[in-house]
There are 2 protein chains.
Amino acid sequence: MDYMSELDKYPKPAMAVDIVIFTIIDDILKVLLIKRGRNPYAGKWCLPGGFVLIAESLEDAALRELREETNVKDVYLGQLYTFGNPKRDSRGRVISVAYYALANHEKISPKITGDESIKNVEWHNVNKLPELGFDHKEILEYALKRLRYKLEYSVVGLELLPEKFTLTQLQKMYEIILNEPIDKRNFRKKISTMNFLEDTEEMKKGSHRPAKLYTFRKMPASKFKKIKLEK
Amino acid sequence: MDYMSELDKYPKPAMAVDIVIFTIIDDILKVLLIKRGRNPYAGKWCLPGGFVLIAESLEDAALRELREETNVKDVYLGQLYTFGNPKRDSRGRVISVAYYALANHEKISPKITGDESIKNVEWHNVNKLPELGFDHKEILEYALKRLRYKLEYSVVGLELLPEKFTLTQLQKMYEIILNEPIDKRNFRKKISTMNFLEDTEEMKKGSHRPAKLYTFRKMPASKFKKIKLEK
DNA sequence: TCAAAAGTGTTCCGAATACACCCATGA
DNA sequence: TCATGGGTGTATTCGGAACACTTTTGA
């Protein structure tokens with residue numbers, strides 16, 4: 001064990017994860033924030049997150065924090081970037097690996113009362129954000145950029161839709177995330193060439209013409225064609 | 001300072017950076033490796049890297065290690081991914097942020113004698129790699145994938161060429177990195193629409209028709225058109 | 001019969017690809 | 001005069017983008 005000491009020669013930074021969880025509520029793209037109950041940034045909104053345990057992988061840490069603070073499981077979780085500015089946390093040196101996820105808010109019950117460092121948990125409109133603590137504004141903007149980029153060339157967002165959905169619902173989800181309108185015919189053309197939807201025999205009814213319901217085909221993402229949406 | 005203790009509640013992982021530096025020597029894409037002089041993996045080849053100092057940013061740590069071990073400065077350095085598997089280092093918990101860079105090997109003088117943990121430094125053909133220590137094979141493969149991807153849609157590699165170069169040299173660089181042939185006419189067409197080269201008045205001579213020399217235009221990368229190369 | 005959403009094709013443009021020959025020079 | 005790399009154009013295909021009307025249903 002003589003090389004154990006090699007790791008302890010210098011003081012170590014603390015290692016954290018921060019998670020950006022997006023959802024759509026009432027046709028608005030929202031992100032889950034936690035109001036801090038203690039300094040620094042007491043009373044400010046922040047991303048959920050916390051310190052990585054010594055024997056836990058980064059993704060496990062992110063999933064654990066997500067579960068503890070928001071009750072979310074089974075989400076698409078992507079590593080975003082690692083933020084390591086020595087001044088980013090006034091408590092000392094904290095390096096944070098940021099993850100991002102999309103989740104269906106109906107399967108989530110954010111805890112309103114949390115542990116001692118949490119006062120409140122809320123979904124916030126990404127276009128009307130409050131002032132955020134730490135460098136979380138930067139992390140959030142980065143996540144949003146990445147999410148939109150990802151949307152342009154791959155299959156994202158099944159978490160946000162019901163098991164069976166119409167093409168209009170799917171398109172609406174894209175429009176909400178990208179924050180811009182999409183042409184219906186072009187959208188449908190591309191979705192169909194991407195070949196990732198499965199036709200169900202069912203129809204969705206309403207006081208209008210019934211719409212076909214689709215499900216996501218279960219196959220590796222690599223099998224899908226990339227999608228590029230118009231400006 | 002009562003919240004200083006918050007960071008020290010749990011044992012901390014050690015924080016490292018690993019750097020993947022590519023270059024081209026004799027028309028072969030190579031990567032700089034270091035032969036470890038001590039356990040674990042004594043005698044195995046590894047990526048350059050080391051621990052992050054407590055007051056130093058991640059990128060500064062990567063640049064410092066790069067400078068200390070290889071004498072490289074002024075390289076394009078991109079953050080790749082953060083590797084945090086708890087078992088990735090047998091000495092204890094070590095999380096590593098990987099960076100990658102392209103460098104002109106003629107401006108580098110890798111140190112053959114290094115500090116006590118280094119026995120030797122060498123450029124290795126990426127297609128004929130030795131067995132690597134730690135999870136460095138995975139990191140390297142990831143870096144290579146990213147480099148190739150980046151090459152397809154942006155301007156990469158000015159570090160590898162002389163100040164003034166011919167279109168054939170540029171094309172050859174692309175072919176070596178992508179490891180596949182490119183059509184000359186299509187390549188030139190795309191390069192010229194991308195508009196990132198500046199025509200010098202000079203010609204390169206040889207025992208063949210002289211070739212025009214170009215330089216990279218100095219402008220923000222965002223101004224360049226993206227490039228997509230044929231398969 | 002009306003409101004509401006579903007569904008559907010064509011044209012245009014630009015970028016990607018495939019492909020082969022002549023040119024200028026130095027040895 | 002030959003070997004060596006330099007330099008150039010066209011036709012085809014494919015994907016992205018713009019664009020408007022008819023259909024089906026329930027109220």
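Below, read A as the first sequence line, B as the second, and so on, with proteins coming before strands; counting in each chain starts at 1. Computation of the quantities below employed the complete heavy-atom set of this structure, encompassing side-chain atoms and omitting hydrogens, waters and symmetry-equivalent molecules.
- Summarising the geometry, the separation between CE on Met194(A) and C1' on dG15(D) is reported as 14 Å, rounded to the nearest angstrom.
- Distance, Glu202(A) CD to dT25(D) P: 17 Å, rounded to whole Å.
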Take nucleotides 3-11 of chain C nucleotide by nucleotide from the 5' end and write B, S or -, depending on whether a protein heavy atom sits under 4.0 Å from the base, only from the sugar-phosphate, or from neither.
BBBBBBBB-
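- Between Lys190(A) and the phosphate of dA17(D), there is a side-chain N or O to OP1/OP2 separation shorter than 4.0 Å.
- Ring orientation note: the planes of Phe83(B) and Tyr81(B) are nearly perpendicular, at an angle over 60° on the 30°/60° scale.
- In this structure, Gln169(A) and Lys164(A) approach most closely via the heavy-atom pair OE1-O, 4.3 Å.
- Ala103(A) approaches Ile21(A) most closely through the heavy-atom pair CB-CG2, 3.8 Å.
- Contact check on Lys35(B) versus Glu122(B) returns no salt bridge, with no Lys/Arg side-chain nitrogen under 4.0 Å from an Asp/Glu carboxylate oxygen.
- Between the NZ atom of Lys204(A) and the P atom of dG26(D) there is a distance of 15 Å, given to the nearest Å.
- Checked for salt-bridge contact, Lys137(A) and Asp18(A) miss the test: no charged N lies under 4.0 Å from a carboxylate O.
- Between Phe216(B) and Phe165(B), the two ring planes are tilted [angle within 30° to 60°].
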